[in-house]
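Report on the structure given below.
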Amino acid sequence: LSDGRVWVAGTFNRFGSTTVPGLAQFNLDGTLSATQPMSSLALTTGEVAGTDNGKVFAWIETASNTTESYSATLARLNADGTVDNTFAPAAGSVGSLFGAPGGKLLLAQAVVTPAAALNGTGGNALRRLDATGALDATYATSLSSIAVVERNATNAVTMIRTGGLHVAQVLSDSRALVVASAVDGSAKLQRLSATGAVDAAFNAPSFGTISPVIGFTPVITDPVTSTS
């Protein structure tokens, strides 16, 4: 935060003798802040991203051993730790959170799933929500190289190759530096414009190649051939 306080998220349920389940705010000197999230959130795991208006986004995962239940929520907290109910996120599952200017939020997926590649939603590896939580239609990324579905002569799937994405930094003008691992095994640092387009003027350094990992997926349905 602008005054030096920080939010910390993870798998924990207390700090010293104070109950702080999964999300806590600390002062500049490292002491626990008097401002903490509502205890009713019952956090067990979370990830946080600050904003330029003092609020904070939190990906909250809650599990209960007594009811054997699990839930996950993307929320925005006010500066006093209470939930901002004016934020209604359109996104479902997310990977990492990155605050963007204007109270917006970037959502990044470290790994594109085979199902997303097959359904043509690999581009959702990087999305932006506006300050209300709605998907920002002005943000359109062109990251087709992180998901490819290979087919044979009969259109049957022979291989699904996927990569992933990590946001290194969101700049003050809404541009973003991202590390993209492509299906060809390369890993590059790229700069995206404020609208999500790849900045061709940026001399993208390469980090070499990544060793592929081969595995099997759960049963998924091919929307092209309607087979599993």
Side-chain angles (χ1 to χ4, degrees), residues 1-2 4-11 23 25-26 45-61 72 74-77 89 91-113 116-117 121-131 133 135-148 161-213:
L1 302 177
S2 59
R5 290 177 298 162
V6 296
W7 287 96
V8 177
T11 305
L23 182 62
Q25 187 186 97
F26 291 87
T45 305
E47 182 169 337
V48 292
T51 69
D52 54 4
N53 58 12
K55 298 185 179 183
V56 63
F57 294 102
W59 176 246
I60 302 163
E61 298 177 350
L74 177 59
R76 184 170 63 197
L77 305 182
S93 176
V94 302
S96 299
L97 313 179
F98 301 88
K104 296 183 179 182
L105 178 68
L106 278 181
L107 307 177
Q109 292 284 358
V111 178
V112 177
T113 66
T121 56
N124 290 341
L126 184 63
R127 295 166 290 171
R128 188 169 69 189
L129 304 185
D130 65 23
L135 284 173
D136 187 348
T138 66
Y139 197 74
T141 57
S142 53
L143 300 169
S144 59
S145 63
I146 62 175
V148 169
R161 295 187 290 158
T162 65
L165 191 72
H166 178 77
V167 178
Q169 184 180 8
V170 178
L171 306 177
S172 59
D173 59 2
S174 294
R175 291 182 300 170
L177 295 173
V178 303
V179 178
S181 57
V183 295
D184 62 0
S186 64
K188 291 183 178 180
L189 177 66
Q190 296 179 306
R191 186 171 65 195
L192 306 183
S193 71
T195 61
V198 175
D199 186 351
F202 183 70
N203 186 18
S206 174
F207 299 111
T209 59
I210 300 173
S211 299
V213 177

| message | Which residues pass the side-chain hydrogen bond (donor to acceptor under 3.5 Å, both in side chains) test with S174, not counting sequence neighbours? | response |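 With sequence neighbours excluded, S174 shows a side-chain hydrogen bond (donor to acceptor under 3.5 Å, both in side chains) to no residue whatsoever.
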
| field | Listed partners of S193 passing side-chain hydrogen bond (donor to acceptor under 3.5 Å, both in side chains), at least two apart | value |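 Listed in chain order: T195.
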
| message | If the condition is salt bridge (charged side-chain N to carboxylate O under 4.0 Å, His left out), which residues does D130 pass it with, not counting sequence neighbours? | response |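 Counting only residues at least two positions away or on another chain, D130 forms no salt bridge (charged side-chain N to carboxylate O under 4.0 Å, His left out).
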
With [X] via side-chain contact (heavy atoms from CB on, under 4.5 Å) - residues at least two apart:
X	value
T138	R128, D136
V179	L189, F207
A140	none

Contact summary for [X] and [Y], nearest pair of heavy atoms:
X	Y	answer
A108	V167	CB-CG2, 3.9 Å
L106	A176	CD1-CB, 4.2 Å
A58	L23	CB-CD2, 4.2 Å
R76	G103	NH1-O, 4.2 Å
A131	G102	CB-O, 3.8 Å

| query | What pairs with F202 under ring-ring contact (aromatic ring centres under 6.0 Å, His included), at least two apart in sequence or on another chain? | reply |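 Per chain and number, F202 pairs via ring-ring contact (aromatic ring centres under 6.0 Å, His included) with no residue.
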
Is the shortest side-chain heavy-atom distance between [X] and [Y] below 4.5 Å?
X	Y	answer
L107	F98	no
L74	L129	yes
L192	V178	yes
V48	F57	no

As an exercise, state the distance from [atom1] of [X] to [atom2] of [Y], rounded to the nearest 0.5 Å.
X	Y	atom1	atom2	result
L126	H166	CG	NE2	11.5 Å
L97	L105	CG	CG	5.5 Å
W7	Q25	CH2	CD	4.5 Å

| said: Test: salt bridge (charged side-chain N to carboxylate O under 4.0 Å, His left out). Region: residues 169-180. Which pairs qualify, not counting sequence neighbours? | reply: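 Matches after skipping sequence neighbours: D173-R175.
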
| query | So which pairs with a foot in residues 191-209 pass salt bridge (charged side-chain N to carboxylate O under 4.0 Å, His left out), sequence neighbours left out? | reply |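 Applying salt bridge (charged side-chain N to carboxylate O under 4.0 Å, His left out) to every pair that reaches into residues 191-209, excluding sequence neighbours, yields R191-D199.
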
| message | Just checking K188: does its NZ atom have more than 12 heavy atoms from other residues, nucleotides or ligands closer to it than 6.0 angstrom? | response |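 No, NZ of K188 has 12 or fewer neighbouring heavy atoms, counting only those of other groups under 6.0 Å.
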
| Side chain of S181, backbone of G164: donor and acceptor closer than 3.5 Å? |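 Side chain of S181 to backbone of G164: a pair is present.
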
